[in-house]
Amino acid sequence: MVFRIRDIVTILGLANLVLSAPADSLQRRQSTIVDCLEAASVPVISNSSPNYASEVIPYNLRTPFFPIAAAVPETADQVSSAVICANQFGLKVAARSGGHSYAGFGLGGQDGSLMVDMKKFKYVNLDPVTQIATIGAGTRLGDVSYSLYNLGGRALPHGLCPGVGISGHALHGGYGFASRMWGTTLDTILEMEVVLADGSIVTTSRTENEDLFWALRGAGSSFGIVTKFKLQTLEAPANGVRFTYSFGVPTTGSNISYHVQIFRALQEYAQTTAPKELALRLWTLTDVFEITGVYWGTREDFDTVIAPLVASWPAQTTVVIEEDNWLDTLVAVANGATLPQPLDYTQHDTFLAKSIVAPEPLTSNALTSFFNFHQNSRDAPVPWWVIADLYGGVHSNISSFSLDSASYAVRNSLFTFQLYATTTLPPFPASGIKFMDDLAKSLISAQPETTFTAYPNYIDPTLSASDAHRLYYGSQYQRLLNIKRSVDPMMRFWNPQAIGV
Ligand SMILES: Cc1cc2nc3c(=O)[nH]c(=O)nc-3n(C[C@H](O)[C@H](O)[C@H](O)COP(=O)(O)OP(=O)(O)OC[C@H]3O[C@@H](n4cnc5c(N)ncnc54)[C@H](O)[C@@H]3O)c2cc1C
């Protein structure tokens, strides 16, 4: 949703924050960090600057935070100077790339951090021989896909929203409709330039600073500020077939078993048949139950591939099938959004999301409990929806990368559920948080024999740090902690769920 900055400033009370003088100690500290940044020629927006309010508006208006200042560097040397200044004044640091963190972690996840806004690092270059892309850390996904396609018909696997930043996305996973075919965005990273906690600028790859390379790909926000990526691009598919099968709404007990049957058939198909070129998701809310996705290939091949799944379903009510090239398919799945993005972003939402990574098929018991909760949620305190994305299955390439290839820990996902509740504008009621907990529990508690985890790109700020570490990193956490202690012993790169908190 697009808002005028003035409206959001009013809603969040930012006008008061800017007009009323901060506490004396904060003011003194701020002028010192600002002085330090200015002395080092780092462009900076202090919290008394007229553009501070528009600079710190988060994508998720439910999680506003107020950094002590925003550094807006243009070079890796300036990023380094910003980190050195933060060291001098004992400030926590967070980088912001596209600002789409579900929890305002690009702003620091608390008041008073130093934000390093990477928006000026916005470029995409393609080597015509190696087909390796060099991408600035502040580039948004829409610019990435648009540029790569126009530069040479190339592509990457990544998420659907053109406004999401490449850095947060690629450093914590990066799932999209090409991911079963090519893996996550993270799996295409060949090399990164990164500024570390001591201000040094290093290159990381499989052969250089290997531990750091491993840690950054899954838990990047805890280890440094990436300034540029080298990514292995792939040839964009010639054709994408978009499809939506719509089913009736669950209003009775028998409808619930009908939906359980549909999802169970989907799981069976995923585990035995679904080719890697097929992206599939369940999209459901109070009055919607749809299986939708994209097949990267011809319509004829799609018809053959999908036939066994459709045959296993009870009749669907409607079917929509459309075809386009790679770029137009990306536009269509982003609901017609323009791919190239402005430097300053104006879309926002007010929401809480949770993810559930299901490593194995859901039982009839768990699905019945979950869909039953749906049926009884017509009067939920907040509007909500659920997407269950097929990550795994017999031919998926997400799980074909070994677990120790990167710190990203949720490769074993069969389905990743995203539970999302939104009020569009603040306030978001406390009853909405409870509703979301209950929604998640309706699935998880009904299948106690399974160890469910969570997806680190769908940050849930209601989790404690230890739960976040367990759910996002599992058995990778101890190695991450060891690396954190060696490269950032002072916990300079910090958010409430950072490694080591
Ligand atoms: C509307 C919307 C749609 C989405 N769709 C998808 C989807 O289809 N698939 C999917 O997988 N995810 C999706 N996401 C989730 C998205 O991938 C994450 O929120 C992602 O982390 C956002 O990255 P960002 O750079 O935009 O956010 P930011 O808020 O800028 O950063 C997110 C985190 O990364 C850190 N960070 C940012 N830049 C750097 C850097 N240069 N170096 C080190 N750390 C950095 C930040 O400090 C923060 O902790 C979506 C999110 C939204 C809001």
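For ligands, and for the atoms within them, numbers begin at 1 and follow the listed sequence.
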**Study point:** Pairwise side-chain contact, N239 with Y295, heavy-atom cut-off 4.5 Å (strictly under)
**Key:** no
Practice item. Give a yes/no on ligand 1: does G99 have at least one heavy atom closer than 4.0 angstrom to it? Key: yes
Review point. Is it true that atom OH of Y146 has more than 12 heavy atoms of other residues, nucleotides or ligands lying nearer than 6.0 Å?
Key: no
Exercise for review: May I ask you to identify the nearest protein heavy atom to atom 36 (N) of ligand 1, giving residue, atom name and distance to one decimal place in Å?
Suggested key: A95 O, 3.6 Å
**Study point:** For atom 10 (C) of ligand 1, the protein heavy atom that lies nearest, with its residue and separation
**Key:** H169 CE1, 3.3 Å
Exercise for review: Using non-hydrogen atoms of the residue, decide whether F223 is closer than 4.0 angstrom to ligand 1.
Suggested key: no
Check your understanding: If you measure from the Lys or Arg side-chain nitrogens to the Asp or Glu carboxylate oxygens, is any gap between D187 and R411 under 4.0 Å?
Key -> yes
Revision key, fill the gap. Counting from 1 in the order shown, the ligand 1 atoms closer than 4.0 Å to a non-hydrogen atom of Y455 are 10 (C), 11 (O)
Check your understanding: Counting from 1, what ligand 1 atoms have a heavy atom of Y175 closer than 4.0 Å?
Key -> 7 (C), 8 (O), 9 (N), 10 (C), 11 (O)
Study note, to complete from the structure: heavy-atom search around atom 29 (O) of ligand 1 in the protein gives S101 N, 3.0 Å
Practice item. Considering the heavy atoms of G159, write down every atom of ligand 1 situated less than 4.0 Å from one of them. Key: 7 (C), 8 (O), 9 (N)
Exercise for review: For atom 31 (O) of ligand 1, find the nearest protein heavy atom and state the residue, atom name and distance (0.1 Å precision).
Suggested key: G168 CA, 4.1 Å
Review point. What's the shortest distance from atom 21 (O) of ligand 1 to any protein heavy atom, and which residue and atom give it?
Key: N457 OD1, 2.7 Å
Check your understanding: Does ligand 1 have a heavy atom under 4.0 Å from the side chain of H158, from its backbone, from both, or from neither?
Key -> neither
Point to revise | Part of Y59 within contact of ligand 1 (heavy atoms, under 4.0 Å) | key: side chain
Check your understanding: Is there side-chain contact between Y408 and P456, with heavy atoms separated by less than 4.5 Å?
Key -> yes
**Study point:** ligand 1 contacted by Y458 (non-hydrogen, < 4.0 Å)
**Key:** yes
Study note, to complete from the structure: Rounding to 0.5 Å, atoms CD1 (I356) and CG (L443) come to a distance of 4.5 Å
Exercise for review: Please examine the side chains of M192 and I189, heavy atoms only from C-beta on, and report whether any two atoms are closer than 4.5 Å.
Suggested key: yes
Exercise for review: Considering heavy atoms of the protein only, find what lies nearest to atom 33 (C) of ligand 1 and give residue, atom and distance to 0.1 Å.
Suggested key: H172 CE1, 4.0 Å
Practice item. Consider ligand 1: state whether an atom of it lies below 4.0 angstrom from any non-hydrogen atom of G224. Key: yes
Check your understanding: Does atom NZ of K484 have more than 12 heavy-atom neighbours from other groups under 6.0 Å away?
Key -> yes
Revision key, fill the gap. For atom 41 (N) of ligand 1, the closest protein heavy atom turns out to be V226 O, 2.9 Å
Exercise for review: Could you tell me whether Q88 atom CD has more than 12 heavy atoms of other residues or ligands within 6.0 Å of it?
Suggested key: yes
Check your understanding: Does the side chain of W296 come within less than 4.5 Å of P275's, by heavy atoms?
Key -> no
Revision key, fill the gap. Partner of F351 under ring-ring contact (aromatic ring centres under 6.0 Å, His included), picked from Y458, Y420, F428, is Y420
**Study point:** Top protein contact for atom 19 (O) of ligand 1, by heavy-atom distance
**Key:** H100 O, 2.9 Å
Review point. Is any side-chain heavy atom of F370 less than 4.5 Å from a side-chain heavy atom of V386?
Key: yes
Review point. Is it the side chain (CB and beyond), the backbone, both or neither of I166 that lies under 4.0 Å from ligand 1, heavy atoms counted?
Key: neither
